[in-house]
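Heads up: the structure comes next, in structure tokens.
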Amino acid sequence: MTTSDAPKSDTPAGRRRVWLLWMVAGIAYAIDLGSKLAVVEGLEGHAPVPVVGTWMELRVQRNPGAAFGLGEATTIVFTLIAAAVAVAIVRVSRRLTSTPWALALGLLLGGALGNLTDRLFRSPGSMRGAVVDFIAVRDFSVMNLADWAITCGSALMLLLTFRGQELGPASSSSDAGGDSGPARQGGVGAS
């Protein structure tokens, strides 16, 4: 094996970024959870608090549905989707070496876990809990910080996809338990 054939994981650019994904997810989750606890304690049942004139205000609203209050009768579906997103991100993170992808996936995971926590533990419970929304933008929607993390993470993922940036190296067949194949043995005509 020559120096140029060395595995990419030996170079700084090839190191995994799972720690960054978990750090971003943890920060996004903690900020979302803390903000929801604070607004439920301090603002629920009170008049809205203007933030930017009448354009943006803090107003607590319980949302059993998805964005814009859609799908209120299918709360359990959103709970299962959030859980599936979290599992998918954890599985994909095994090959994550890209810092921008770690940021994007961390935001998505933190936001998904924030809203999943509401769905699991807020009334009425049993995977049907209503999400606490409190950032009201005039003539648009009432959101929370988990929604913003999901939106920003998704936008970054879209940008990275359009730019063709990879998560990391493709899974090798030896990682999946397969044989090494001709390409790993020096090419098709190698003996």
Side-chain angles (χ1 to χ4, degrees), residues 1-38 66-67 76-122 127 129 131-132 135 143-190:
M1 181 192 295
T2 65
T3 308
S4 63
D5 293 334
K8 287 190 176 191
S9 61
D10 291 343
T11 65
R15 289 197 184 114
R16 288 212 229 159
R17 300 289 184 249
V18 177
W19 64 271
L20 182 58
L21 181 151
W22 287 111
M23 185 177 76
V24 170
I27 290 169
Y29 178 75
I31 291 172
D32 177 66
L33 183 61
S35 67
K36 288 174 181 174
L37 292 172
I76 195 164
V77 173
F78 300 121
T79 304
L80 295 173
I81 289 170
V85 165
V87 168
I89 291 171
V90 170
R91 288 185 52 90
V92 164
S93 71
R94 292 183 293 181
R95 65 183 187 101
L96 182 64
T97 59
S98 166
T99 297
W101 273 104
L103 294 171
L105 292 173
L107 287 168
L108 189 61
L109 180 60
L113 292 176
N115 285 340
L116 181 60
T117 299
D118 282 356
R119 299 223 182 265
L120 293 175
F121 299 110
R122 295 204 185 268
M127 298 193 342
V131 171
V132 174
I135 303 167
M143 303 163 275
N144 58 47
L145 296 178
D147 297 335
W148 284 19
I150 291 168
T151 300
C152 291
S154 297
L156 183 53
M157 288 172 56
L158 190 61
L159 176 66
L160 294 170
T161 300
F162 281 133
R163 291 184 63 208
Q165 183 153 353
E166 299 287 329
L167 285 167
S171 298
S172 67
S173 57
S174 61
D175 290 343
D179 62 45
S180 59
R184 296 252 183 223
Q185 296 172 358
V188 175

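Atoms considered below: every heavy atom in the structure, side chains included; atoms not considered: hydrogens, waters and symmetry mates. Here, residue 1 is the first one in the sequence, and each next residue gets the next number.
- Taking all atoms of both residues into account, the shortest heavy-atom contact from Ala25 to Leu109 is CB-CD2, 3.9 Å.
- Here Ile150 pairs with Leu108, Asn115, Ser154 under the side-chain contact (heavy atoms from CB on, under 4.5 Å) rule; sequence neighbours left out.
- The side-chain contact (heavy atoms from CB on, under 4.5 Å) test applied to Glu166 returns no partner, not counting sequence neighbours.
- Here the closest heavy-atom approach between residue Asp32 and residue Ala146 is recorded as OD1-N, 2.9 Å.
- Partners of Thr151 by side-chain hydrogen bond (donor to acceptor under 3.5 Å, both in side chains), not counting sequence neighbours: none found.
- Listed by chain and residue number, Lys36, Arg122 satisfy the salt bridge (Lys or Arg N to Asp or Glu O under 4.0 Å) test with Asp118 (two or more places apart in sequence, or in another chain).
- In this structure, the separation between CG on Leu33 and CZ on Phe121 is 10.5 Å, given to the nearest 0.5 Å.
- When the side-chain contact (heavy atoms from CB on, under 4.5 Å) test is applied to Trp19, the partners found at least two apart in sequence or on another chain are Arg17, Met23.
- Judged by distance alone, the side chain of Trp101 and the main-chain N or O of Gln165 form a donor-acceptor pair under 3.5 Å.
- Taking CG of Leu167 as the start and OG1 of Thr161 as the end, the distance is 8.0 Å to the nearest 0.5 Å.
- Rounding to the nearest 0.5 angstrom, the gap separating the CD1 atom in Ile31 from the CG atom in Asn144 is 13.0 Å.
- The shortest heavy-atom contact between Pro100 and Leu156 is O-CD2, 3.6 Å.
- Using a 4.5 Å heavy-atom cutoff, the side chains of Leu96 and Arg16 are not in contact.
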Going by atom type alone, with no hydrogens or angles, which donor-acceptor pairs under 3.5 Å involve a side-chain atom of residues 85-93 and a protein atom two or more places apart or on another chain?
| unit_1 | atom_1 | unit_2 | atom_2 | d |
| --- | --- | --- | --- | --- |
| Ser93 | OG | Val90 | O | 2.6 |

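- Rounded to the nearest 0.5 Å, atoms OG1 (Thr79) and CG (Leu120) are 6.0 Å apart.
- Of all heavy-atom pairs spanning Ala28 and Gly110, the tightest one is CB-CA, 4.1 Å.
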Next item on the list: Begin from the C-alpha positions of Leu145 and Ile135 and carry the test side-chain contact (heavy atoms from CB on, under 4.5 Å) through to its verdict.
Entry: CA-CA 8 Å; Leu145 296 178; Ile135 303 167; 3.7 Å; yes
